[in-house]
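On a predicted model such as this, the values are computed, not experimentally measured, just so you know.
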Amino acid sequence: MNEAVQRWSDRTENDTPIQTLWDELTQLSMQDDCKESVKKFVRHSLTDVRKAAEYLVCISHAFTNAASGNAEGFNDLRQSETIQIKRKSKNGRVPLNHAEISGLYDDDGNLIESKRVTVPDWFYPDSLLRFISAR
């Protein structure tokens, strides 16, 4: 996480864009040796990545301050700088083919409370794993 924060300070909008996927932020924030790194990562991930031409997907099982290592000021940033995708499952293992998205804005800049969407085939864990493994 510290290396990512450093990368964001070195990269510019002129660099080739990259996509990164960060999983299990909730668990990392609970580890004593990661707490400070998680706080730093979360703060910078919501403010520095655009100018660094990096696109982040962060996965957490709860969208709470605890998932951010209790980073100060995160709640305000979370409300204005993130899109949350909530997925449910039939049996605790197999995700449904729809999700609820919040944090979207309409063309006039008004916040849309939530929107139900169909999840594309590539957005399932096994498809993502195959994609990542092929790189």
Q | From OG (Ser45) to NZ (Lys40), nearest 0.5 Å | A | 13.0 Å
Q.
Rounded to the nearest 0.5 Å, what separates atom CG in Asn110 from atom CG in Leu104?
A. 12.5 Å
Q | Arg116 side chain to His98 backbone, donor-acceptor under 3.5 Å | A | no
Q) Would you say the side chain of Arg87 lies within less than 4.5 Å of the side chain of Val119, judging by non-hydrogen atoms? A) yes
**Q.** CD (Gln19) with more than 12 external heavy atoms under 6.0 Å
**A.** yes
Q: Taking atom types as modelled, find out whether Gln6 and Asn2 have a side-chain donor-acceptor pair closer than 3.5 angstrom.
A: no
(Q) Distance check, rounded to the nearest 0.5 Å: Tyr55 atom OH versus Thr20 atom OG1? (A) 11.5 Å
(Q) Can a donor-acceptor pair be found, under 3.5 Å and without considering hydrogens, that links the side chain of Arg11 to the backbone of Thr16? (A) yes
Q | Test item: Ser37 side-chain N/O and Asp33 main-chain N/O as donor-acceptor pair under 3.5 Å | A | no
Q) After noting the C-alpha distance and the side-chain angles of Val117 and Lys115, does the key distance pass the side chain to side chain contact (heavy atoms under 4.5 Å, CB included) rule? A) CA-CA 6 Å; Val117 296; Lys115 180 177 183 176; 4.2 Å; yes
**Q.** CD1 on Ile85 to CD1 on Ile101, rounded to 0.5 Å
**A.** 5.0 Å
(Q) So, taking the atom named OG in Ser114 and the one named CD in Gln84, what distance separates them when rounded to the nearest 0.5 Å? (A) 10.0 Å
**Q.** Cationic N near anionic O, under 4.0 Å, Glu54 to Arg7
**A.** yes
Q.
Nearest 0.5 Å, please: how far is CG in Leu56 from CD1 in Ile18?
A. 9.0 Å
Q: Please answer whether the main-chain N or O of Asp108 pairs with a side-chain N or O of Asp106 as donor and acceptor at a distance below 3.5 Å.
A: yes
**Q.** Nearest atoms (heavy-atom pairs only) where Val49 meets Trp8
**A.** CG1-CE2, 3.4 Å
Q: Please say whether more than 12 non-hydrogen atoms of neighbouring residues, nucleotides or ligands are located less than 6.0 Å from CG in Asn91.
A: yes
(Q) Donor-acceptor check, side chain of Glu13 to backbone of Lys51, threshold 3.5 angstrom: yes or no? (A) no
Q | Verify same cluster id: Leu46, Leu111 (apolar side-chain graph, 4.5 Å) | A | no
